[in-house]
Amino acid sequence: QKEVEQDPGPLSVPEGAIVSLNCTYSNSAFQYFMWYRQYSRKGPELLMYTYSSGNKEDGRFTAQVDKSSKYISLFIRDSQPSDSATYLCAMREVYNQGGKLIFGQGTELSVKP
Amino acid sequence: DSGVTQTPKHLITATGQRVTLRCSPRSGDLSVYWYQQSLDQGLQFLIQYYNGEERAKGNILERFSAQQFPDLHSELNLSSLELGDSALYFCASGQGGNTGELFFGEGSRLTVL
């Protein structure tokens, strides 16, 4: 079993839809949770960053972390064609001196005009 | 532009050969991370260096090695290449530690024929 599980999709939605992306994980030591966005042929870029449980909002994006369920989500409101990309969740332990991130498989999102 | 520079962008080589991938981190970042991205495995952590020293190791094959030089640039050496080594290799840099964001380069696409 992978440490981080993410549905690879692909996920196709119409413009303006609310998108929900999710990851589950098995390592209870994870405390830092991130969402990266990766456009085709580009490197991943950080979208959202959350420490421990709770919600964080940034414009049309909301990240949620439920540590009791080992479940994190990213919501995209009023989705736009420019949001079409692969979304990767990533996690890190607190006492991991290496600071390495463990990534999910990535979910490919397509927003149709 | 993340500020992380990777060369070469594309590389085609034959089985059994050896290649070197190069990474220049963002100005001021002391940590360099190497990741391998393939379609079936997603982003896999290979190795991390912090200020010239190896800090963390992932599932890096013995045929692969890396180093970080005094000027903080890093090289990933892949030897005795196999078809299965074909992938995108990403370098990321960051401040190191638990809370820092990782900034990714645009990757080096390796094709082994």
Side-chain angles (χ1 to χ4, degrees), chain A residues 1-10 21-25 27 29-52 54 56 58 63 65 85-109, chain B residues 1-7 9-10 21 23-26 29-51 53-60 66 68 87-109:
Chain A
Q1 182 189 7
K2 291 184 178 180
E3 276 190 289
V4 180
E5 299 277 359
Q6 183 177 7
D7 187 340
L21 305 169
N22 312 294
C23 288
T24 59
Y25 62 95
N27 186 349
F30 287 144
Q31 291 281 359
Y32 296 91
F33 303 92
M34 287 147 249
W35 286 93
Y36 278 77
R37 179 174 60 195
Q38 184 177 19
Y39 290 112
S40 181
R41 301 183 187 282
K42 297 288 187 182
E45 56 179 343
L46 183 66
L47 200 57
M48 298 287 283
Y49 182 99
T50 309
Y51 171 70
S52 195
K56 187 172 184 178
D58 183 3
V65 175
T86 296
Y87 290 80
L88 303 120
C89 62
M91 307 176 189
R92 172 186 284 155
E93 297 178 15
V94 175
Y95 297 109
N96 183 334
Q97 293 302 311
K100 67 183 181 186
L101 292 181
I102 305 299
F103 283 85
Q105 182 85 357
T107 299
E108 185 181 348
L109 172 67
Chain B
D1 183 1
S2 68
V4 178
T5 303
Q6 287 189 249
T7 56
K9 290 193 183 334
H10 302 278
L21 310 180
C23 170
S24 294
R26 282 190 333 151
D29 284 350
L30 299 178
S31 269
V32 169
Y33 307 74
W34 286 98
Y35 283 83
Q36 179 191 57
Q37 187 176 42
S38 57
L39 281 175
D40 57 341
Q41 293 292 323
L43 261 174
Q44 298 292 309
F45 171 72
L46 295 178
I47 197 163
Q48 182 215 356
Y49 281 82
Y50 179 83
N51 203 19
E53 293 189 1
E54 182 183 305
R55 180 64 68 91
K57 215 167 187 177
N59 296 325
I60 187 168
Q68 186 179 28
L88 257 176
Y89 291 84
F90 284 106
C91 170
S93 75
Q95 293 292 310
N98 288 320
T99 60
E101 175 181 352
L102 294 192
F103 296 86
F104 282 79
E106 299 213 339
S108 293
R109 182 175 294 279

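- Neither the backbone nor the side chain of B:Y49 comes within contact range of chain A, judged by heavy atoms closer than 4.5 Å.
- Of the N and O atoms on the side chains of A:Q6 and A:T107, at least one donor lies less than 3.5 Å from an acceptor on the other residue.
- At a 4.5 Å heavy-atom cutoff, B:Q44 makes no contact with chain A through either its backbone or its side chain.
- Distance CZ/B:F103 to CD/A:E45: 10.5 Å, rounded to 0.5 Å.
- Between A:F33 and A:Y25, the ring-plane angle classifies as tilted under the 30° and 60° cut-offs.
- Looking only at side-chain heavy atoms (C-beta outward), B:V32 and B:Y50 stay at 4.5 Å or farther from each other.
- Proximity to chain B (any heavy atom under 4.5 Å) is restricted, for A:Q38, to the side chain, taken from C-beta onward.
- Residue B:K57 touches chain A through its backbone alone, counting heavy-atom pairs closer than 4.5 Å.
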